[in-house]
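Naming convention: chains lettered A, B, ... in sequence-line order (proteins, then strands); numbering from 1 in each chain.
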There are 2 protein chains.
Amino acid sequence: MTRVMVTDDHPVVRAGLRALLEASGLEVVAEASSGAEAVALISRMPVDVVLMDLQMGEGIDGVEATRLVLDRPSPPAVLILTTYDTDADILRAVEAGAAGYLLKDAPPESLVDAVHRAARGETVLAPLVAQRLVTRMRSPAPSLSGRELEVLSQVAEGASNRQIAKRLVVSEATVKSHLVHVFTKLGVDSRTAAVAAARESGLLR
Amino acid sequence: MTRVMVTDDHPVVRAGLRALLEASGLEVVAEASSGAEAVALISRMPVDVVLMDLQMGEGIDGVEATRLVLDRPSPPAVLILTTYDTDADILRAVEAGAAGYLLKDAPPESLVDAVHRAARGETVLAPLVAQRLVTRMRSPAPSLSGRELEVLSQVAEGASNRQIAKRLVVSEATVKSHLVHVFTKLGVDSRTAAVAAARESGLLR
DNA sequence: GCCCGCCTACAACTTTTGATGGATGCGGGT
DNA sequence: ACCCGCATCCATCAAAAGTTGTAGGCGGGC
């Protein structure tokens with residue numbers, strides 16, 4: 001019997017997953033409402049497959065939780081189950097070792113099927129997700145440095161260079177430098193175009 | 001007995017709602033996976049409360065479906081159940097006559113409670129939502145003219161004033177004029193801040 | 001008819017942003 | 001130890017963007 005744990009901060013989703021999975025003969029042995037709770041539970045009870053939501057409010061995010069779960073001895077398979085296919089975290093999740101990536105609008109059968117496959121050690125990706133993965137491999141998402149991303153997100157919130165400089169405690173010239181690098185990496189030549197491009201490629205939400 | 005219909009394009013969510021509601025003695029007599037389906041079903045079966053998701057992929061959106069459902073003779077109460085409290089559609093939904101607005105991360109009890117209240121004809125808003133409603137009433141969403149919005153959305157896509165002027169076949173000076181008006185209405189003083197503010201208040205997708 | 005909001009347009013001026021080129025320091029690899 | 005790449009930082013100058021004020025034509029509402 002495959003033992004499943006569901007991790008999601010929405011009670012409704014947890015109940016839905018439990019209902020769908022148990023209707024197909026799978027055994028939901030635990031529910032966690034946060035990444036932290038998932039990690040804590042996993043060390044105290046044997047589980048074969050973990051269904052993990054990516055966007056969870058407080059604390060550890062889904063990717064980090066995935067990493068922690070897979071860090072223990074004889075880890076379960078972790079299936080990411082999320083709402084968005086545009087998410088930039090797809091890559092991070094797969095890199096973290098997730099056994100699969102499903103969308104919440106998936107039909108119940110494919111959900112159940114995915115759990116079974118994961119339990120057998122297979123990798124399972126939603127078609128849409130797989131597609132995005134390969135397109136992103138072809139035109140790799142330019143990786144911004146920590147500082148660059150920090151600056152860019154402030155820009156996205158409408159801050160001026162002067163404001164950003166003040167907040168980050170650097171000179172305005174420095175902020176401009178970071179921006180120039182961002183522009184080059186994204187292939188644009190203005191701050192507004194930069195946030196548009198970053199949004200497009202999921203670097204910015 | 002209160003008869004409930006759940007409308008959501010995610011099977012998982014539908015199953016979750018059904019499970020939670022039925023565990024509390026409510027009767028889920030129908031499920032719809034789209035706004036159109038909800039409208040079609042409602043005319044053929046008596047229902048007391050409709051739980052309606054706002055963001056549904058194809059076709060009619062939640063607000064429109066709400067309007068249509070409430071248009072029939074002796075309509076059910078419509079409870080909006082959605083993921084985001086930032087949603088600009090909150091206002092539209094309430095205007096459309098929704099009996100309440102809940103967030104998907106609500107605890108099961110408050111969900112069940114809300115359905116009962118709605119069935120009794122009461123209005124029920126999640127605290128967070130109520131808060132946003134009043135703040136938005138206090139500072140009403142500034143309405144942009146057609147041209148202003150047109151310019152602003154090009155800005156949001158990263159276009160320069162020159163490019164916008166070319167595309168809209170007007171002079172650059174005109175574009176600047178429109179932008180000045182947008183800035184005043186939104187209470188900001190830069191294009192990036194304008195798109196941030198417009199996003200915040202839902203003027204821009 | 002008259003007022004008002006919208007779209008259009010221009011000029012002149014200030015501020016912000018972007019371009020260019022160069023400097024420092026840290027960490028990885030050989 | 002040395003070099004290289006990269007993130008970080010800075011200054012100067014040119015180019016957009018934003019400010020202010022003004023104005024004609026056009027449509028709808030009173």
Gap between atoms [atom1] and [atom2], on [X] and [N] respectively (whole Å):
X       : N       : atom1 : atom2 : answer
H178(B) : dT19(D) : NE2   : C1'   : 17 Å
L152(B) : dA17(D) : CG    : C1'   : 15 Å
R147(A) : dC26(C) : CZ    : P     : 16 Å
L149(A) : dT8(D)  : CG    : P     : 11 Å
I164(B) : dC7(C)  : CD1   : P     : 15 Å
E150(B) : dC6(C)  : CD    : P     : 15 Å

Axis-to-axis angle between the two ends of the helix from dC7(C)-dG24(D) to dT30(C)-dA1(D) (five base pairs per end, rounded to 10 degrees):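 Answer for the end axes of this duplex: 50°.
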
Sole residue of V195(B), L152(B), V182(B), L144(B) in side-chain contact (heavy atoms from CB on, under 4.5 Å) with L203(B):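 Single pass found, and it is L144(B).
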
[X] side-chain proximity, nearest of [options]:
X       : options                  : answer
L179(A) : dT8(C), dA16(D), dG18(C) : dG18(C)
S145(A) : dC7(C), dG18(D), dA7(D)  : dA7(D)
V180(B) : dT20(D), dA7(D), dT8(C)  : dT20(D)

Below 4.0 angstrom, N of the basic side chain to O of the carboxylate: do [X] and [Y] qualify?
X       : Y       : answer
R14(A)  : D9(A)   : no
R3(B)   : D48(B)  : yes
K166(A) : E172(A) : no
D113(B) : R117(B) : yes
D8(A)   : K104(B) : no

Quick one: do E122(B) and H116(B) satisfy side chain to side chain contact (heavy atoms under 4.5 Å, CB included)? Show the steps, please. CA-CA 9 Å; E122(B) 295 179 34; H116(B) 281 127; over 6 Å; no

[N] phosphate, OP1 or OP2, under 4.0 Å from [X] side-chain N/O:
X       : N       : answer
N161(B) : dA17(D) : yes
R162(B) : dA15(D) : no
H181(B) : dC6(C)  : no

Kindly check if the number of other-residue, nucleotide or ligand heavy atoms within 6.0 Å of CZ (R162(A)) is above 12?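 Count not over threshold, so no.
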
Under 3.5 Å, is there a donor-acceptor pair linking the side chains of S171(B) and T174(B)? yes

What residues in residues 187-197 of chain B put a non-hydrogen atom under 4.0 Å from any atom of DNA chain D? D189(B), S190(B), R191(B)

Any side-chain heavy-atom pair from L21(B) and V112(B) closer than 4.5 angstrom? yes

Can a donor-acceptor pair be found, under 3.5 Å and without considering hydrogens, that links the side chain of E157(A) to the backbone of Q154(A)?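 Not a single qualifying donor-acceptor pair exists.
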
Report each atom pair, protein N/O against N/O of nucleotides 10-12 of chain D, whose distance is under 3.5 angstrom.
{"from": "dC10(D)", "atom 1": "OP2", "to": "S171(A)", "atom 2": "N", "distance (Å)": "3.0"}
{"from": "dC10(D)", "atom 1": "OP2", "to": "S171(A)", "atom 2": "OG", "distance (Å)": "2.9"}
{"from": "dC10(D)", "atom 1": "OP2", "to": "T174(A)", "atom 2": "OG1", "distance (Å)": "2.5"}
{"from": "dC10(D)", "atom 1": "N4", "to": "S177(A)", "atom 2": "OG", "distance (Å)": "2.1"}

Heavy-atom pair of closest approach, residues S34(B) and T7(B):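 Reported closest heavy-atom pair: O-CG2, 3.6 Å.
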
